[in-house]
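As the structure is a computational prediction, the values presented were derived from the model and not from experiment. Every chain is numbered from 1 and lettered A, B, ... according to where its sequence line falls, protein lines coming before strand lines.
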Protein chains: 2
Amino acid sequence: MRREFKKKSKVLLIDDNYEHLAGIRELLNIEGTFDVVGIATNITVGLNLIKKYQPDIVLLDMNMPEKDGLQGILEISKLDLDVKVLALSGYDDADLIFRAMKIGAKGYVLKTMASAQLIYAIEEVLNGKIYLPLALSSRFFEYFQQTFREENAKQETGEEEENLLDYLTQREKEVLELLTQGITYKGVANKLFISETTVKTHVNNIFQKLQVNDRTQAVLYAINNGFLSNKMRISA
Amino acid sequence: MRREFKKKSKVLLIDDNYEHLAGIRELLNIEGTFDVVGIATNITVGLNLIKKYQPDIVLLDMNMPEKDGLQGILEISKLDLDVKVLALSGYDDADLIFRAMKIGAKGYVLKTMASAQLIYAIEEVLNGKIYLPLALSSRFFEYFQQTFREENAKQETGEEEENLLDYLTQREKEVLELLTQGITYKGVANKLFISETTVKTHVNNIFQKLQVNDRTQAVLYAINNGFLSNKMRISA
DNA sequence: AAAGATATAGACCAAAAGATTAACACAATG
DNA sequence: CATTGTGTTAATCTTTTGGTCTATATCTTT
């Protein structure tokens with residue numbers, strides 16, 4: 001079988017530090033399997049280059065003046081091209097790492113890391129993987145767990161701590177459900193095929209059980225206690 | 001300087017598969033730096049052993065009948081001892097990894113991984129670090145980003161899409177802020193030292209600007225558009 | 001100086017919300 | 001079987017809310 005020419009991956013660099021920029025370009029050129037199709041010292045220029053050259057991967061410095069790296073990631077992904085972003089940073093700022101990964105960075109490496117690790121990271125990302133060096137993923141997870149600690153604490157004690165919503169009857173929950181959509185009593189009455197006054201009675205009972213005095217407070221209680229829209233919730 | 005005796009770390013194993021349990025115990029005994037203080041084939045027994053022996057670390061199988069591993073982690077952390085949990089699993093189920101890490105597991109390793117890696121993971125965790133093998137952290141991050149993708153999509157277009165809240169004047173925001181607490185017009189009037197009719201005027205303007213017809217809807221709009229309680233929100 | 005936006009507030013009316021009381025059904029309990 | 005309790009239904013009455021219109025004072029911008 002004839003050996004195929006491996007197509008070089010197109011890489012684009014964005015870093016406000018030109019020294020560093022040139023250094024990486026040199027490194028990647030020497031490595032030989034990459035084709036640095038463009039370099040930019042700010043995001044605006046970088047975005048244009050991305051549109052022009054459609055690189056496979058962008059190495060994006062996180063710590064830049066004016067537009068910061070996070071904004072850059074968002075804008076790159078808004079281009080809706082198949083460009084992977086590998087974040088570069090001088091510091092292992094957990095919050096920055098967390099947010100970068102959250103908005104879709106495919107990896108995050110420190111500038112202080114060995115060239116070999118950078119190369120490896122780029123390759124992993126190009127292969128569709130997500131790469132965070134152990135040191136950074138460790139930082140990430142600390143931050144991640146800390147972010148959820150409070151929520152977890154609630155969850156842990158959540159079994160003992162009474163959720164007033166549990167005291168509502170089925171019918172009352174139905175009514176509350178509709179209230180949380182900003183529907184009037186009349187509207188609720190129509191939806192449930194009962195009279196408006198009946199709805200009021202239910203609502204009054206709801207108020208008492210939730211220990212609130214009006215619908216706004218009831219709706220707030222419902223939302224804050226897992227009645228709806230629990231995206232990131234853990235049920236155990 | 002005299003060499004001190006290194007105190008062996010106390011390890012406790014919980015796994016419903018006795019074969020595997022014995023295997024790990026053997027491995028750790030051979031290694032020599034660990035002291036396996038107890039083994040259990042279910043969580044209930046395991047919890048008692050933890051209370052009794054106060055191990056430094058617990059290797060906890062995630063895939064167990066009756067109580068699953070996640071529940072186990074929660075219950076262990078509820079003991080409020082300084083016990084680190086290293087999750088063990090036969091599969092690299094992204095959801096399981098995500099949830100385990102979220103509720104505080106200090107690490108997650110696959111049973112299929114080499115012994116050396118298990119030893120290393122245990123040591124890292126004992127040293128206060130959080131350890132996820134590259135393969136698993138990769139899975140984790142895929143899941144993590146997927147979880148946020150929807151939210152990100154909103155965020156990305158969030159700049160163009162107008163947030164009606166921006167049209168509110170400062171005073172109107174103050175009023176809305178109070179409305180979201182379920183305070184009556186009279187109450188708002190008192191808090192802001194203005195007349196009740198003025199509050200009504202503001203509220204009316206708010207309704208028009210937010211394109212809603214009543215306070216409940218206004219409050220819901222406010223909450224859904226970043227007016228308050230944005231725990232896990234990313235601002236960019 | 002004029003125009004525009006903002007904060008203030010009164011009057012009036014209609015609609016909705018909230019409090020109180022009560023009837024009916026049904027299940028559990030003594 | 002009577003009783004007690006709970007849940008659903010509903011009417012009446014009072015308070016709050018919301019709509020509309022008008023109006024004044026202040027402040028900024030043109």
Side-chain angles (χ1 to χ4, degrees), chain A residues 161-229, chain B residues 159-229:
Chain A
E161 128 187 359
E162 61 177 3
N163 186 345
L164 298 178
L165 288 173
D166 294 336
Y167 296 146
L168 298 183
T169 68
Q170 186 51 41
R171 199 58 161 171
E172 286 160 357
K173 284 179 186 170
E174 291 175 43
V175 173
L176 180 55
E177 162 83 33
L178 294 173
L179 283 195
T180 60
Q181 295 168 29
I183 301 178
T184 70
Y185 289 164
K186 194 173 292 182
V188 174
N190 286 333
K191 293 225 176 200
L192 298 183
F193 303 108
I194 54 181
S195 94
E196 194 180 333
T197 55
T198 304
V199 175
K200 291 181 185 179
T201 307
H202 286 312
V203 171
N204 251 289
N205 292 333
I206 292 172
F207 290 167
Q208 303 223 324
K209 289 184 180 177
L210 300 188
Q211 297 166 23
V212 298
N213 335 303
D214 59 43
R215 45 191 298 147
T216 306
Q217 291 174 4
V219 167
L220 288 174
Y221 185 94
I223 291 175
N224 290 328
N225 290 81
F227 205 68
L228 32 78
S229 82
Chain B
E159 288 148 311
E160 285 94 321
E161 127 186 358
E162 59 179 2
N163 186 345
L164 299 179
L165 288 174
D166 294 337
Y167 296 144
L168 298 184
T169 67
Q170 186 51 43
R171 200 57 161 170
E172 285 161 358
K173 284 179 188 170
E174 291 174 43
V175 173
L176 180 54
E177 162 83 33
L178 294 172
L179 283 194
T180 60
Q181 294 168 30
I183 302 178
T184 72
Y185 290 165
K186 198 173 291 182
V188 174
N190 286 332
K191 292 226 177 202
L192 298 184
F193 303 108
I194 54 181
S195 93
E196 197 180 331
T197 55
T198 304
V199 176
K200 287 186 186 179
T201 308
H202 286 311
V203 171
N204 250 292
N205 292 333
I206 293 172
F207 289 167
Q208 302 223 327
K209 290 184 180 176
L210 300 188
Q211 297 166 23
V212 299
N213 339 304
D214 58 45
R215 44 190 300 151
T216 306
Q217 290 173 5
V219 169
L220 288 172
Y221 185 94
I223 290 175
N224 292 329
N225 292 79
F227 204 68
L228 33 78
S229 80

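Taking 4.0 angstrom as the limit, R215(B) places none of its side-chain polar atoms (N or O) nearer than this to OP1 or OP2 of dT16(D). Look at T197(A) and you won't find any side-chain N or O under 4.0 angstrom from OP1 or OP2 of dA10(D).
Q170(A) places its CD atom 12 Å from the P atom of dT9(D), with the value rounded to the nearest Å. Computed from coordinates, the D214(B) CG to dT17(D) P distance equals 12 Å when rounded to whole Å. Between the CZ atom of R171(B) and the P atom of dT26(D) there is a distance of 16 Å, given to the nearest Å. Summarising the geometry, the separation between OH on Y185(A) and P on dA11(D) is reported as 17 Å, rounded to the nearest angstrom. Here the P atom of nucleotide dC21(D) and the CG atom of N205(B) are 14 Å apart, to the nearest Å. What separates NZ of K200(A) from C1' of dG7(D) is a distance of 20 Å, to the nearest Å. As a whole-Å value, the separation of N204(A) CG from dA10(D) C1' is 13 Å. Between K173(A) atom NZ and dT6(D) atom P the separation is 17 Å, expressed in whole Å.
In the interface, the side chain of S195(A) is not paired with the base of dA10(D) through any donor and acceptor atom under 3.5 Å apart.
Extent of DNA chain C lying under 4.0 Å from chain B heavy atoms, first and last nucleotide in 5' to 3' order, is dT6(C) to dG10(C).
The only member of R171(A), K173(A), E174(A) that meets side chain to side chain contact (heavy atoms under 4.5 Å, CB included) when paired with H202(A) is R171(A). L176(B) pairs with exactly one of I206(B), V188(B), V203(B) by the side chain to side chain contact (heavy atoms under 4.5 Å, CB included) rule, that one being I206(B).
Note on T198(B): a base of the nucleic acid sits closer than 4.0 angstrom, heavy atoms only.
The two atoms that bring T198(A) and I194(A) nearest to each other are CG2-CD1, 3.9 Å, heavy atoms only. Here the closest non-hydrogen pair linking Y185(A) and L179(A) is CE2-CD2, 4.1 Å.
Remark: K209(A) NZ is packed, more than 12 non-hydrogen atoms of other residues, nucleotides or ligands lying under 6.0 Å away.
With hydrogens and angles ignored, the 3.5 Å screen pairs a side-chain donor or acceptor of Q217(A) with a backbone N or O of G182(B).
Toward the 5′ end of DNA chain C lies the nearest nucleotide of E196(B), the other residue of the pair E196(B) and V203(A) mapping further downstream.
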Check against side chain to side chain contact (heavy atoms under 4.5 Å, CB included), L165(A) and L210(A): CA-CA 7 Å; L165(A) 288 173; L210(A) 300 188; 4.0 Å; yes
